[in-house]
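By convention in this document, chain letters (A, B, ...) are assigned in the order of the sequence lines, proteins followed by strands, and residues within each chain are numbered from 1.
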2 protein chains.
Amino acid sequence: MNFYTISQLSQEFDISTRTIRYYEERGLIVPIRTESGQRLYTKKDRAVLKLILRGKRFGFSLEEIHEMISLFDKDRTGRKQLEKTIEYGEQKLKEVKERIDDWLQLKHEMETILEDFKTRLEELEGSE
Amino acid sequence: MNFYTISQLSQEFDISTRTIRYYEERGLIVPIRTESGQRLYTKKDRAVLKLILRGKRFGFSLEEIHEMISLFDKDRTGRKQLEKTIEYGEQKLKEVKERIDDWLQLKHEMETILEDFKTRLEELEGSE
DNA sequence: ATTTTAATTTACGTTAACGTAAAAGTCAAT
DNA sequence: ATTGACTTTTACGTTAACGTAAATTAAAAT
């Protein structure tokens, strides 16, 4: 297995090292350490980082992201655990669907307004 | 024409009066004042407030919302103004479409994962 | 007329998500 | 071995979007 240093990840994802350490502060990533204390990140850590950044783009808070990650990261071997995860996932999925509907409606309204404006512009240009 | 007081709006939209005054501080709403200095909000102010809250739900910052509102609020009587507004609107529409695609992909991934989990759960229950 | 409720301004406090800087140790290259 | 780049911890600073509280004034209700 090979590792990434903090600056390698920081460059790859175009974020500061402070940001990466901050995610660790909040318990989202936990890299291993060399004897001297330097952080080393595994492929999995890198994947988690990717997830965090993606979650951020969707507007989720670090706390929400943490919740999701830790839930999907726990061992879901037990039936109870699996059921809980599915329940949580379905709740989140519902929220996502609602979000999509909201966005679709917004899109529709914007299109309507734009059409209206374009019509007006044409009228203006026709009367010149 | 009839007006709303700040607490009427605050109750209707379930936000604090501080919040409404803050939006004014940032230049988003500008109510008229009585002689004694009390704020009075028109129907239009109320509509703007609605827009702000909606924008917030979509994750826009107050600054972005301000930008949009003031653009659509300007007199678009001139052809140049109208063209500018349309251009801006089309840019925003493009961004919204991208956002929707992102959300749709997220939804798809969540559904896939959930299906996977459900399959596992069935297997678990079948082997009892 | 007086109590109660609502409004105003001013100003300091709070939280999330980092930025920035200092001091000190460590690794890589010459 | 020394320079320079990198890393660490500690800690204070910053911005947005309000919350909270105090002091004062005005409006509404009794």
- First-last contacting nucleotides on DNA chain D - partner chain A, under 4.0 angstrom, heavy atom: dC6(D) to dA11(D)
- Message: Categorize Arg21(A) for me: base, sugar-phosphate, or nothing, with a 4.0 angstrom heavy-atom threshold over every strand shown.
- Response: base
- How long is the line joining CD of Glu35(A) and C1' of dT26(C), in whole Å? 13 Å
- Query: Does the distance from a Lys or Arg side-chain N to an Asp or Glu carboxylate O, for Glu24(A) and Arg33(A), drop under 4.0 Å?
  - Reply: yes
- Query: Got a sec: does the CG of Asp14(A) have more than 12 other heavy atoms crowding it under 6.0 Å?
  - Reply: no
- Value in whole Å for how far the C1' atom of dA7(C) lies from CD of Gln8(B): 13 Å
- Enclosure of Gln8(B) CD (heavy-atom neighbours >12, cutoff 6.0 Å): yes
- Whole-Å distance between dA6(C) C1' and Ile6(B) CD1? 11 Å
- Message: What contact category does Ser61(A) fall into here, base, sugar-phosphate, or nothing, at under 4.0 angstrom with non-hydrogen atoms?
- Response: sugar-phosphate
- Query: Which comes earlier along DNA chain C counting from the 5' end, the contact point of Gln38(A) or that of Ser16(A), where each point is its nearest nucleotide?
  - Reply: Ser16(A)
- Is there a donor-acceptor pair closer than 3.5 Å between any side-chain N or O of Thr85(A) and the backbone N or O of Gln81(A)? yes
- Item | Pair Lys118(A) + Glu90(B): basic N to acidic O under 4.0 Å | yes
- Message: Counting only side-chain nitrogens and oxygens, does Ser36(A) get under 4.0 Å of the OP1 or OP2 atom of dC27(C)?
- Response: yes
- Specify the residue among Tyr22(A) and Thr34(A) whose closest nucleotide of DNA chain C lies further upstream toward the 5′ end. Tyr22(A)
- Note on the structure: Residues Phe60(A) and Glu64(A): closest non-hydrogen pair is CA-OE1, 3.4 Å
